[in-house]
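Report on the following structure.
Counting starts at 1 for both ligands and their atoms, in listed order.
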Amino acid sequence: MRATDIIEKKRDGGELSAEEIQWFISGFTNGEIPDYQAAAWLMAVFLRGMTRRETLDLTLAMAASGEQLDLSAAIEYAVDKHSTGGVGDKVTLVVLPLVAAAGVPVAKMSGRGLGFSGGTLDKLESIAGYRVKLSDEEIIRQVREHGIVLCGQTKRLAPADGALYELRDVTGTVPSLPLIASSIMSKKLASGAQAIVLDVKVGAGAFMKTVDDARALAQTMVDIGVGAGRAMVALLSDMNQPLGCAVGNALEVREAIEALRGGGPADLREHCLTVAAHMVRLGRREAWPDALDAIIQELTGLLDSGAALAKFRELVAAQGGDVRQIDDPDRLPSARLRETVQAGRSGWVARMDALTVAQATLELGAGRARKTDAIDPAVGVVVHRKVGDWVDAGDALFTVHANDEGQLALAIAVLAGAPLLGNEAPQPPPAFYGTISGASD
Ligand code: URA
C-alpha cells in the first residue's frame, strides 16, 4: 500500500477499507508515514467525511495503536463515563464515588483540560499529594481493594489519537464528526470498559453549540461503541450556563464535596444522579428505563447518608491525597483576593453565558491556553444566580477568586458580559435534551 493512494482515494470521496485505515494509522503511529501526509489525509477526511463503517474502523485502529487496559482481572463487567467537556463540569468527582458506593466498581482514566476549562486531573491535583499517575498493576490492585480508581491516562493509551490530535489542532481539522467521535471513543475503548455513559454537552460553553450537532456526535459515538461490542448510553446535556456554581479547580472540588455530602447546587445533584444511575444500571445489566427510578432513589440515599462521600475519601486516601482537605475543604488551596460582583439592576436572569464565565476563569489562570501552561488551582468564579432566578439590584451575581489584582480586574470586566437580566421570567433550560442508547445483540 502507498500513503498517497489512500490520501487520493479519500480526497476523491472514496470509501477506505479496514485494511487501508489500519495500515495508515499504524504507519503514522510508528513514524513511517510523515506528518505532512497525515495532515493531508486528515483534511481529506474533514472535507469528505467517513461512513459509519470507516469511522468504526478508524476508532478500532486508533484504540489498537498502543496499550489497552485489561480490567478483567479486577472487574468482570466494567463501566466508564466520558464528558465532552463543559464549564463547571465536576460530575466525575461526584459520580465515580457514588457509583462505587452502590457496589459497582469503577476505574476511570481522565484527561487534563485544554482551552477554557480544567480537566478532572487538574481538579484532583488541587488535593495535596493526590497521585494521578498509576501503573496498570496499581490500577488493578486498587480497584480490587477499594472498588474505585480515578487516574490519568498514559501516553501509551491510543497514541495515534494523541499524535493525530496535535496535527488536527494546527491544520483546521478538529471540528469533524468522524474525527472527534473516533478520537474520544478510541481512548474509551482502550481503557477497558464494556459499557460507557457519554455526557455530550450542548450549548454556549460546549464544543457542540446545537442540539442537532450534539445528537449527531452522540449517535456516531453510540454507533462506534455498539459496533465495538459495548453497551452505550449518551445523554445530551445543557451547557449554556455553568453546571453547578463553582468554576475553577479547587472551587469545584469543594462543590463536589458539598454534593457528596447530600447538598450542593440542585442542577449538579440532578445531573450526577442521572449519570450515575445510568452507569449503575449498565453495571448491573438491568433493563432500561425500568430500573432507573429505583436506582436514582438508591443513589439519593447514598448521597444523603454520606456513603458516597466516604467512598471519595477512601479514593483520595488510596491515591495518596490529603484526606484532611476532604474533611475540611477550607484546607484546599484558596485565593488571596476575593471580590463580589453585584447586579446593576433588578430582573430575571435570562442568560448566564457559560463560555464567558469560562473566559473569565481563564483570565484568572484556572485553565490553560497551551498544553504546557501551569494552572492555579485556587482561582475561579462562583456563580450565585442561574437562569430563571430573580435578582435585586445589588445582589451578588459572582464571587471572583484571584491571586493577582490585574487578573482580577480583567476577569470582572469579562464577567460583565455573562449575565443577561430581563423583565420576563424565562424558562430555565432542561438539564437534558435527550438520551440515546444502544447495545450489540
Ligand atoms: N475530545 C477528544 O478527545 N477528541 C476530540 O477530537 C475532541 C474532543
Side-chain angles (χ1 to χ4, degrees), residues 21 25 28-29 38-39 41-47 49-50 54-56 58-63 65-66 68-69 80-87 89 91-92 108-122 151-193 196-203 205-210 213-225 228 230 232 234-237 239 354-355 358 367-371:
I21 291 173
I25 293 301
F28 173 63
T29 310
W41 181 79
L42 285 168
M43 185 55 83
V45 171
F46 178 88
L47 295 171
M50 278 188 149
E54 283 178 299
T55 309
L56 174 59
L58 173 60
T59 312
L60 295 176
M62 292 203 295
S65 67
Q68 306 201 49
L69 184 62
D80 199 354
K81 81 168 272 283
H82 178 80
S83 160
T84 57
V87 182
D89 184 356
V91 170
T92 293
K108 176 167 167 53
M109 295 193 193
S110 281
R112 286 188 192 285
L114 189 61
F116 52 71
S117 57
T120 300
L121 290 193
D122 302 311
C151 62
Q153 76 203 14
T154 65
K155 283 204 162 63
R156 301 185 301 275
L157 198 85
D161 172 60
L164 281 177
Y165 193 89
E166 278 181 18
L167 277 184
R168 286 168 59 204
D169 211 18
V170 291
T171 55
T173 52
V174 168
S176 146
L177 201 62
L179 294 179
I180 297 172
S182 57
S183 163
I184 293 172
M185 288 301 295
S186 63
K187 288 171 285 200
K188 288 288 111 182
L189 297 185
S191 322
I196 302 163
V197 176
L198 300 170
D199 190 357
V200 180
K201 309 286 187 190
V202 187
F207 221 33
M208 295 291 156
K209 304 294 179 198
T210 68
D213 284 351
R215 195 181 297 281
L217 175 62
Q219 188 66 59
T220 306
M221 292 194 290
V222 166
D223 290 345
I224 292 171
R230 306 316 200 258
M232 301 292 301
L235 303 165
L236 306 179
S237 62
M239 190 29 72
L355 185 57
R368 5 179 126 67
R370 283 180 305 272
K371 241 187 205 168

Could you tell me if S186 and D161 have a donor-acceptor pair between their side chains, going purely by distance under 3.5 Å? no

Taking the side chain from R230 and the backbone from A228, do they hold a donor-acceptor pair closer than 3.5 Å? yes

Could D80 and K188 be called an ion pair, given the rule that one side-chain N must be under 4.0 Å from one carboxylate O? yes

Side-chain contact, heavy-atom cut-off 4.5 Å: L189 with L60? yes

Looking only at heavy atoms, the pair that brings L58 and I21 closest together is CA-CG2, 3.6 Å

Minimum heavy-atom distance between L235 and V197, given as atom pair plus value: CD1-CG1, 4.2 Å

Would you check ligand 1 and list the protein residues that come within less than 4.0 Å of it by any heavy atom, ordered by chain and number? Y165, R168, I180, S183, I184, K187, F207

